[in-house]
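Presented below is the structure to which this report refers.
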Amino acid sequence: MSNVKSKSSLTNRNSLFVGLRSTDVVMFVLLALGSILLYQCLFDMYISVKHAEDLIELTSHGKFFQFYDFVMQKAVSGEYGFEGDIFDSAYYNIFLYLVLAVIILPWYLFSKITSIAYRYFPLSIYIKTILLLMVGLASYLIYRTCKFFSVSEKRAKSSAILFLTSSIVLFSSVGFNQLDVFYVLVLILALEQYAQRHLFKFALLMSVAIMLKSFPLAIFIPLILLVEKKPIKILEYLLAGVSAPIINSCIFNMSDGYVVTQKTIGGSFGFTNSIFARGIEGGLFPISLLIVAMVFICTWAYTVEINDSYTLFKTVAFLGTSVYGLFFVFVFWHTQWGIILALFTSLLLPHLANTKLAVYIDTALSLSFLVSAYVYNPTNMYMLNNAILPKLTNKALAYDLFGGEPINNVGVITFSVFSACIFELMFWGYKAIKNKTDENDCALIERTDYYLRMAPLMLVQICMIVVFMLIAS
């Protein structure tokens, strides 16, 4: 079926979700339900909910700024139901806990009023449903942002639906029950301002995104260098971009709980420390390959001259894919971080010269991402053991089911494929900028392409169900 002649295509109507077929809805609902019900990242969200409950209590008593100290004391004393450990403390930015507190507030108030304690599993289903709605909101904002960059209606819809149906997004955000989608929402709003060349508003919104999680800092610097060449103005925007994190740190650095958790937990799981954790041996010190790549990327961005909105858009999508793609190639990462990579690949795919090939590459990227995440961390089995299947069957999987050298070799293969896909997308993205391709030079993404991109997560979900039913005991 031709891209151009398909009048029932997802990208052919004036409204983002008008023109959907029943098969489209069924496919997405099945994936969404699988992400909500089949996985349960028990510890992370459970402990975060407990922290959010404490934040509600403290705020109601006017003790908002005592949050990190209070939580650390409870964590060390084992009051969260685990052995006393500093790693049970609150590490995330307090505004993410505030967002979570707002989400769970109806459950919290019901429990307080009725004295009926709510169970965590149904609460987690509720939270995941909210996260799925936030992914939908992000998709709409992507569509709107593309329009600000003068992207055509059809391709703006394509990027939005590519993000919404991304296997990586649904698994890493909804399946893992993580809050990363909220800083992504702020990042997309910042890109709207960037498209309109409102650079100071862009920098301020980016500072909020960076405050929530530091990932956006990696793309913020090259994006400023791409459109601003005056050193003084660059410095002004960079300072504005780090203003919110600096203010946040100044306020909470007076809290011992905040300082201790940032050093201990951040040293093990933080984005910034990951940059320095892996590299190659140099003459005096190890060399961070990501930092080397970032220097080249920033230098290139500074030297590029952009004269139209559409070329600017393609360059932004290419830079985001390159920055976060190389991060995932060179640096140790956690599965939930994948949402920011999926954001920029979703922006890039509809604008590559060979969109069919691009979809194939992205599908391989998604599948290798999912398999690599499982193979590297066999304890991901606990995500299945704490979800719906054991509740229905009274069975459980052995945590070391996917251990051993043969499986590790599978990981080498899948992560190599993942890395190759990143470099492929970077190559085609750069080529699209260099050749100054027009939108009309790129074929539209077809309905079957969206199905193909959803296949990796559906395949993993089916395999997990089969493995669970055959091997669990």
Side-chain angles (χ1 to χ4, degrees), residues 11 14-16 135-164 181-210 212 215-230 233-234 236-238 240-241 244 297-298 300-302 304-324 339-352 429-430 432-433 436-440 442 445:
T11 56
N14 292 326
S15 179
L16 181 55
V135 170
L137 175 60
S139 300
Y140 170 73
L141 292 178
I142 287 171
Y143 164 75
R144 198 172 72 177
T145 300
C146 289
K147 300 290 287 181
F148 278 114
F149 276 104
S150 301
V151 174
S152 69
E153 181 83 10
K154 294 177 181 179
R155 297 187 195 282
K157 292 174 181 177
S158 289
S159 286
I161 297 173
L162 285 170
F163 181 82
L164 179 64
V181 66
F182 289 102
Y183 84 79
V184 169
L185 285 169
V186 181
L187 173 56
I188 299 170
L189 290 173
L191 289 177
E192 276 194 8
Q193 298 302 317
Y194 186 81
Q196 301 170 76
R197 300 298 180 99
H198 299 159
L199 295 186
F200 191 71
K201 291 181 180 178
F202 163 72
L204 290 179
L205 281 169
M206 286 297 288
S207 75
V208 174
I210 294 167
L212 295 178
F215 294 101
L217 179 62
I219 191 61
F220 173 62
I221 298 173
L223 289 187
I224 288 296
L225 295 175
L226 184 64
V227 294
E228 182 57 67
K229 311 303 179 183
K230 297 177 181 178
K233 297 296 291 183
I234 291 173
E236 288 178 5
Y237 293 134
L238 292 180
I297 289 172
C298 290
W300 180 82
Y302 183 73
V304 169
E305 294 291 340
I306 305 293
N307 298 317
D308 62 277
S309 294
Y310 181 57
T311 302
L312 178 63
F313 174 81
K314 289 191 295 183
T315 309
V316 169
F318 164 73
L319 284 173
T321 301
S322 300
V323 167
Y324 294 109
I339 187 172
I340 195 167
L341 173 63
L343 166 64
F344 286 100
T345 57
S346 299
L347 295 178
L348 181 65
L349 290 183
H351 306 276
L352 301 182
Y430 179 76
I433 299 168
K436 299 186 181 301
T437 55
D438 185 79
E439 282 191 276
N440 296 325
C442 309
I445 294 179

Derivation of the side chain to side chain contact (heavy atoms under 4.5 Å, CB included) call for Leu141 and Phe163: CA-CA 11 Å; Leu141 292 178; Phe163 181 82; over 6 Å; no
Step by step, would you call Tyr143 with Leu164 a side chain to side chain contact (heavy atoms under 4.5 Å, CB included)? CA-CA 11 Å; Tyr143 164 75; Leu164 179 64; over 6 Å; no
Do Phe344 and Leu319 pass the side chain to side chain contact (heavy atoms under 4.5 Å, CB included) test, and can you show the C-alpha distance, the side-chain angles, and the key distance before you say yes or no? CA-CA 8 Å; Phe344 286 100; Leu319 284 173; over 6 Å; no
Trace of the side chain to side chain contact (heavy atoms under 4.5 Å, CB included) decision for Val304 with Ile433: CA-CA 11 Å; Val304 169; Ile433 299 168; 5.9 Å; no
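Atom SG of residue Cys146 and atom NZ of residue Lys154 lie 15.5 Å apart, to the nearest 0.5 angstrom. Taking CD of Gln196 as the start and OG of Ser309 as the end, the distance is 10.0 Å to the nearest 0.5 Å. How far CD1 of Ile142 is from CD1 of Ile161: 11.0 Å, rounded to the nearest 0.5 Å. With rounding to the nearest 0.5 Å, the separation of CG in Leu185 from OH in Tyr140 is 13.5 Å. Rounded to the nearest 0.5 angstrom, Arg144 CZ and Glu192 CD are separated by 4.0 Å. Considering CG of Leu312 and CG of Leu223, their distance stands at 8.5 Å, rounded to 0.5 Å.
At distances below 3.5 Å, at least one donor-acceptor pair connects side-chain atoms of Tyr324 with backbone N or O atoms of Phe215. Using a distance-only test at 3.5 Å, with no hydrogens or angles considered, a donor-acceptor pair links the side chain of Thr345 to the main chain of Ala342. Remark: the backbone N or O of Lys229 is paired with a side-chain donor or acceptor of Tyr302 at under 3.5 angstrom. Looking only at distances, no side-chain donor or acceptor of Lys233 sits under 3.5 Å from a matching main-chain atom of Glu228.
Closest heavy-atom contact between Ile445 and Ser158: CB-OG, 4.4 Å. Listed here is the closest heavy atom pair of Ser152 and Lys147: C-NZ, 4.5 Å. Residues Phe149 and Leu191 come closest through the heavy atom pair CE1-O, 3.7 Å. Nearest heavy atoms, Arg155 versus Pro350: NH1-O, 3.1 Å. The minimum heavy-atom distance linking Val323 with Pro222 is given by the pair CG2-CG, 4.4 Å. Nearest heavy atoms, Ile306 versus Asp308: CG2-O, 3.4 Å.
Using a 4.5 Å heavy-atom threshold, the side chains of Met206 and Ile221 count as separate. Using a 4.5 Å heavy-atom threshold, the side chains of Leu189 and Val208 count as separate. For the pair Leu204 and Gln193, the minimum side-chain heavy-atom distance is 4.5 Å or more.
The ring pair (Phe, Tyr, Trp, His ring centres under 6.0 Å) test with Tyr194 is passed by exactly one of Phe313, Phe200, Phe202: Phe202. The side chain to side chain contact (heavy atoms under 4.5 Å, CB included) test with Thr321 singles out one residue from Leu348, Leu347, Leu343, Val316, and that residue is Leu348.
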